[in-house]
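What you are looking at is a predicted structure, and each value in this text was computed from that prediction instead of being measured.
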Amino acid sequence: MEVETHALHGGTEECESKLRHYQKANLVYRDGSSATLCNLTAANLGRLTAILGGINMAYSEKRRDFLKGLGAGIGVAAGAAIAASGIVARVGPARAALPPKGNIPDTPFKTGHITFLTGPAAVLGEPSLKGHTLAAEEINAQGGLLGKRKIETDKTDEAAGVDGVVKEVRRMKLSENIDLLTGVISSGTSPALAPVAEELSFLTLLTDGCTDYVFDRADPHPKYVFRVTNIQSADGMTAGVATAQTWPHIKSIAHLHPDYAYGHNAFLHFNLVMQHVLPGTENVSVNWPKLGTTDFTPYITKIMAANPDLLFSSIWGGDYVAFYKQALRYGLFDKMKFASTIAFGINPSAIGKDHPEGLLVGCHANYYFTFPSADRWPANAGFVKRYFERWQEYPNFEAEGAYTALYALKTAVERANRLEGGWPSNDAIISQLEGLGLETPAGYLYISPENHQGYKDTVIGFSKNVPEYPFPILDPARVIYLPVRSISAPPGWPKPTSSDQEDTAAADWIRATWQVAQKA
Amino acid sequence: MAIVVIQILNSLFYASVLFLIAAGLTLIFGVMRIVNLAHGSLYALGAYITAWLVGQAVAGGIPLGGLALFLLLPAGAIGVALIGAILEPSLLRPFYQRAEEYQLLVTFGLLLILEDAIRFLWGGLPLSADAVADTLPSVRVLGFLYPAYNFVVIGIGAVAALALWGLVYRTRFGVLLRATAQDRRMATALGLDVRRVYLFAFTIGCFIAGLGGAIVVPSQAAVLGMGIEALVLAFIVVVIGGMGSLKGALVGALIVSFVRTIGVQFFPEAELAFLFLLAGVVLIVRPTGLFGTA
């Protein structure tokens with residue numbers, strides 16, 4: 001993988017052939033676990049289709065970029081065929097459900113949506129709730145789950161803090177009889193919440209709170225807890241691989257990360273990627289502003305004085321908006337390259353037209369509303385359209401995650417109903433969530449039965465102003481997709497044993513299986 | 001060397017804003033003996049009102065050119081002052097005779113209400129007022145780009161410090177303020193309308209907090225939670241400088257700002273701990289702060 005990333009800078013034809021090779025090579029897990037792919041048990045069938053779909057999609061998107069102008073039009077036809085076969089379900093209201101088996105009660109299905117309703121993180125909490133609400137309204141418009149049970153939502157403010165949220169979760173289960181928990185933004189909340197949800201047998205679909213820690217350490221053998229969005233380590237790695245691919249000649253790097261779990265996770269995995277893919281790069285300035293910082297001027301001056309080739313950052317939300325506006329006037333972006341995991345993770349309209357172009361800006365390795373593009377991925381086109389009609393804004397990754405979570409539930413409930421008849425038991429629903437393949441707005445999603453973690457190809461791109469939108473978007477001509485298995489430890493990889501609580505299975509996996517790139 | 005100069009300018013910029021917040025906090029405490037926990041939110045309100053006004057002006061096409069936008073900066077401060085003039089008699093006055101805990105509860109409640117009101121009125125997304133800062137170019141300072149607007153902020157901070165000093169120590173109203181601060185009962189006995197003094201003190205405190213928000217927003221953006229961050233730092237400032245002392249607020253703001261910059265430059269992992277440590281040392285050595293008397 002390392003060698004190929006270097007090579008992606010050749011001409012169109014060269015890149016094309018390299019990509020072909022790259023995609024083929026990556027059909028196999030680096031640890032050789034591809035063997036499991038041949039075991040076409042029922043559980044593995046979902047996985048195989050998801051992986052094939054993912055490859056097909058990532059490949060055709062990339063290929064499209066490289067073949068742009070040649071009139072090549074390989075779409076997601078194969079993916080659509082898989083979806084039509086009924087193995088991979090598509091999210092959205094258009095799909096007609098089979099009539100449910102047995103008697104379905106018409107009592108409401110109660111969901112608890114945990115997200116930031118106040119404080120600085122409400123900038124991510126609002127779209128999360130909007131995505132959830134839209135999915136609930138769509139499902140309810142068709143009569144509810146299995147055509148009978150309308151979805152009701154009880155919101156909880158994550159800003160109440162970890163203890164407050166955990167107490168509220170107990171109350172929701174024990175006195176409110178809530179059926180499902182969704183949401184959770186903070187990587188501080190999810191590790192505390194997951195073991196409690198397991199203890200209460202509380203079905204939970206996390207839509208963020210994506211720290212590796214949840215399934216690495218806090219809840220290593222999950223039964224009731226799932227996560228439908230990408231794992232956090234994929235974020236730092238995506239930015240790392242994309243950086244190396246884009247600017248292979250950088251030597252010195254400065255860092256600017258929020259001083260909590262997320263910033264440290266991005267720092268760790270980005271560094272590991274650099275050590276393997278671009279060995280010899282050096283960190284010349286490492287900075288840890290507190291989350292919620294608004295005055296970045298001393299950091300900006302310090303970083304400019306260190307004169308790095310690249311600044312890598314995981315600053316997000318309002319902090320990032322404040323940062324880029326200050327950095328702009330200090331001329332920081334003229335002096336160095338800039339890469340970020342999550343700069344464009346906020347609502348797209350929060351970034352101004354003054355934002356510099358050509359920066360490598362991530363969206364939490366999850367979702368940006370213009371990808372996969374509308375002409376070849378109906379699940380996204382429809383979602384963006386309906387979301388805009390409902391809320392007069394464009395969705396971000398939190399909105400997509402919360403939206404997808406309810407459709408993952410809906411799909412699993414419908415399948416479990418085919419198995420059991422009537423309203424299915426939690427065990428039956430869980431059995432159908434495990435190994436689920438879903439055609440989501442963000443692309444193919446696959447939920448591993450081993451660690452209950454969702455996997456989908458990651459996306460990152462370059463800021464660009466276009467006439468169609470009053471804000472910069474990811475440059476449609478050069479988006480970078482990474483096959484998620486190339487940047488994830490296989491689900492069964494041993495849990496981390498390091499006493500450093502920030503260390504992850506994914507980090508161990510890089511250390512054990514990635515080779516250090518040789519100079520060409 | 002150039003870096004040192006720029007970092008000093010950065011520190012002065014930050015100190016100007018911190019001083020405006022802390023001065024209001026300390027003035028209100030000095031005169032009224034109320035710890036106003038909602039003070040940071042009033043600062044945030046100033047930022048939001050200004051950013052909103054600038055946004056409206058730009059969308060409506062301002063006739064007088066960019067410099068007219070600078071006239072909107074005091075508008076943000078005046079807006080917050082008006083809110084203060086309503087809050088003091090309606091919300092705070094009934095609690096002056098009650099124990100301190102009640103006053104803390106009331107101002108904390110006000111903080112929560114203001115934070116929610118901001119989100120309700122302007123939504124969760126950052127609000128910017130770039131147009132103001134962009135009327136002035138970035139200038140070269142020893143080879144480094146530095147936004148000229150930041151000089152304006154430093155200037156406003158300095159002028160505000162002088163004006164406040166003049167108000168408190170050189171005017172008749174200042175004498176009334178200080179008299180009330182020193183002994184409220186005696187001031188009342190001498191026929192002073194303490195209610196009016198309180199109203200003006202609170203309004204002025206709100207005005208300078210709003211001014212702080214108004215001048216900082218063009219260089220950054222108005223974001224949720226900015227008030228809480230400001231409140232914490234303003235408390236460190238008054239703990240170091242001394243609660244109730246205007247001079248303390250100025251010196252405290254300078255100390256906090258420079259120490260933070262030094263922390264960022266040399267101890268990036270412990271920048272905040274550094275500030276709290278400093279406040280802790282001051283509390284042990286001089287419990288009333290450097291210039292505090294009470």
Would you find a donor on one side and an acceptor on the other, under 3.5 Å apart, between the side chain of K302(A) and the backbone of V264(B)? yes
Do E271(B) and Y299(A) have a side chain donor and acceptor closer than 3.5 Å? yes
L272(B) versus chain A, the contacting section by heavy-atom distance below 4.5 Å: side chain
Where on S285(A) is there a heavy atom nearer than 4.5 Å to chain B: the side chain, the backbone, both, or neither? neither
Can you measure from OG1 (T261(B)) to CG (D295(A)) and round to the nearest 0.5 angstrom? 7.5 Å
Heavy atoms under 4.5 Å from chain B: which residues of residues 326-336 of chain A carry them? Q326(A), R329(A), Y330(A), G331(A)
Heavy-atom contacts under 4.5 Å, residues 345-352 of chain A to chain B: I346(A), N347(A), S349(A), A350(A)
Residue part contacting chain A, namely of Y149(B), when any heavy atom lies under 4.5 Å: neither
Out of V223(B), L125(B), N150(B), V216(B), return the one with the most heavy atom pairs under 4.5 angstrom to chain A. L125(B)
Could you point out which residue of T294(A), V321(A), D319(A) forms a side-chain contact (heavy atoms from CB on, under 4.5 Å) with P126(B)? V321(A)
Spell out the residues in residues 156-164 of chain A that have some non-hydrogen atom less than 4.5 Å away from a non-hydrogen atom of chain B, in order of number; otherwise answer 'none'. none
Name the member of P127(A), A322(A), A305(A), P289(A) that forms the most heavy-atom pairs with chain B at distances under 4.5 Å. A305(A)
Rounded distance (nearest 0.5 Å) linking atom OG1 of T297(A) with atom CD1 of I6(B): 10.5 Å
Point-to-point distance, once rounded to the nearest 0.5 Å, from OG1 of T293(A) to CE of M226(B): 12.5 Å
Exercise: identify the closest heavy-atom pair between E229(B) and K290(A): CG-NZ, 3.9 Å
Give the interface residues of residues 104-122 of chain B toward chain A, defined by a heavy-atom separation under 4.5 Å. D116(B), R119(B)
If every non-hydrogen atom of G124(B) is compared with every non-hydrogen atom of E126(A), which pair is closest and at what distance? N-OE1, 3.4 Å
Flag, side chain of Q7(B) to backbone of P298(A), donor-acceptor distance under 3.5 Å: yes
Under 4.5 Å from a heavy atom of chain B, the part of D259(A) involved: side chain
Among S219(B), A230(B), A221(B), G263(B), which residue forms the greatest number of heavy-atom pairs with chain A at distances under 4.5 Å? S219(B)
